[in-house]
Amino acid sequence: MNERGRGVILQGLAALLLVLGGVWWWRAAPRDDSDPRLLAWRLTAEQLLPESGDQELADTVVLPAEGDYEKVADLDSGVFQVAVVCAGPDNSRVRISFGEDESGRGLPCSGERTPEVFSVGVGTQLRLRIAADDQGPVIFRYAVQRGA
């Protein structure tokens with residue numbers, strides 16, 4: 001085999017390696033499977049229930065369909081106001097409860113959205129449980145501040 005034939009073979013192998021490397025890189029790249037509506041729902045929830053200086057805690061949580069979330073926070077004893085709001089697809093709901101044995105209360109995540117405010121007496125811990133129904137994902141936001 002002459003030198004020109006070896007050059008063609010080397011160029012072919014280099015091209016093959018380049019193609020295989022590109023395919024590997026493309027397949028190994030992380031996929032973004034997130035729902036594009038989540039950003040709009042997050043902004044809605046955060047506008048309806050914005051951060052304020054007197055909050056003991058606040059958070060925004062993404063819940064998948066039939067997902068749940070629990071927050072246990074150590075607080076000084078007293079009465080607290082817990083404001084909650086959620087945003088999600090049509091007919092989506094979450095169930096909110098503040099105790100271990102409490103069945104909770106339903107909150108719609110679509111349509112007219114206004115924050116719900118609960119007055120909760122706390123001994124040493126606040127327990128907040130949220131469960132999404134089968135219409136999801138939803139964005140859930142809560143804020144806790146000491147009651148007057």
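This structure is a prediction, so every number in the text was calculated from the model and none was measured.
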Roughly how far, to the nearest 0.5 Å, is the [atom2] atom of [Y] from the [atom1] atom of [X]?
X: Ser92; Y: Ile139; atom1: OG; atom2: CD1; answer: 10.5 Å
X: Leu49; Y: Asp59; atom1: CG; atom2: CG; answer: 11.0 Å
X: Gln145; Y: Ser52; atom1: CD; atom2: OG; answer: 5.0 Å
X: Glu70; Y: Leu128; atom1: CD; atom2: CG; answer: 8.5 Å
X: Tyr142; Y: Gln55; atom1: OH; atom2: CD; answer: 10.5 Å
X: Arg37; Y: Thr44; atom1: CZ; atom2: OG1; answer: 12.5 Å

Does some side-chain heavy atom of [Y] sit less than 4.5 Å from a side-chain heavy atom of [X]?
X: Cys109; Y: Val94; answer: yes
X: Trp41; Y: Arg113; answer: yes
X: Asp68; Y: Arg129; answer: no
X: Ser110; Y: Asp90; answer: yes
X: Val62; Y: Leu38; answer: yes
X: Arg141; Y: Val61; answer: no
X: Ile130; Y: Ser97; answer: no
X: Val117; Y: Val82; answer: no

TODO: Check the hydrophobic clustering (I, L, V, M, F, W, Y; side-chain heavy atoms under 4.5 Å; chains of links allowed) and say if Val85 and Phe80 are grouped together.
DONE: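 Result: no, two separate clusters.
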Atom of [X], atom of [Y] and distance for their closest heavy-atom approach:
X: Gln81; Y: Ser119; result: NE2-OG, 3.5 Å
X: Gly123; Y: Ser77; result: O-CB, 2.9 Å
X: Ala132; Y: Pro64; result: CB-O, 3.6 Å

Open item on the list: Under the criterion side chain to side chain contact (heavy atoms under 4.5 Å, CB included), I'd like the reasoning laid out for Val120 against Val79: C-alpha separation, chi angles, the key distance, then a yes or no.
Closed with: CA-CA 6 Å; Val120 180; Val79 176; over 6 Å; no
Open item on the list: Suppose we call two aromatic rings close when their centres sit under 6.0 Å apart. Are Phe118 and Phe98 close by that rule?
Closed with: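 Yes; Phe98 has its ring centre under 6.0 Å from that of Phe118.
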TODO: Examine distances only and state if a side-chain atom of Asp133 and a backbone atom of Arg93 form a donor-acceptor pair shorter than 3.5 Å.
DONE: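 Yes; at least one donor-acceptor contact below 3.5 Å.
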Open item on the list: Taking Gly88's backbone N and O only, do any of them form a donor-acceptor pair with Gln135's side chain (distance below 3.5 Å, no angle check)?
Closed with: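 Side chain of Gln135 to backbone of Gly88: no pair is present.
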- [ ] Assess whether side chain to side chain contact (heavy atoms under 4.5 Å, CB included) is satisfied between Thr124 and Leu75, documenting all intermediate values.
- [x] CA-CA 5 Å; Thr124 58; Leu75 299 171; over 6 Å; no
TODO: Could you verify whether a donor N or O on one side chain and an acceptor N or O on the other, from Asp74 and Gln125, lie under 3.5 Å apart?
DONE: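 Side-chain D/A pair, Asp74 to Gln125: present.
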Open item on the list: Under the criterion side chain to side chain contact (heavy atoms under 4.5 Å, CB included), I'd like the reasoning laid out for Leu126 against Val72: C-alpha separation, chi angles, the key distance, then a yes or no.
Closed with: CA-CA 6 Å; Leu126 171 69; Val72 178; over 6 Å; no
TODO: May I have the step-by-step check of side chain to side chain contact (heavy atoms under 4.5 Å, CB included) for Glu51 and Glu46, ending in yes or no?
DONE: CA-CA 8 Å; Glu51 291 284 331; Glu46 290 175 350; over 6 Å; no
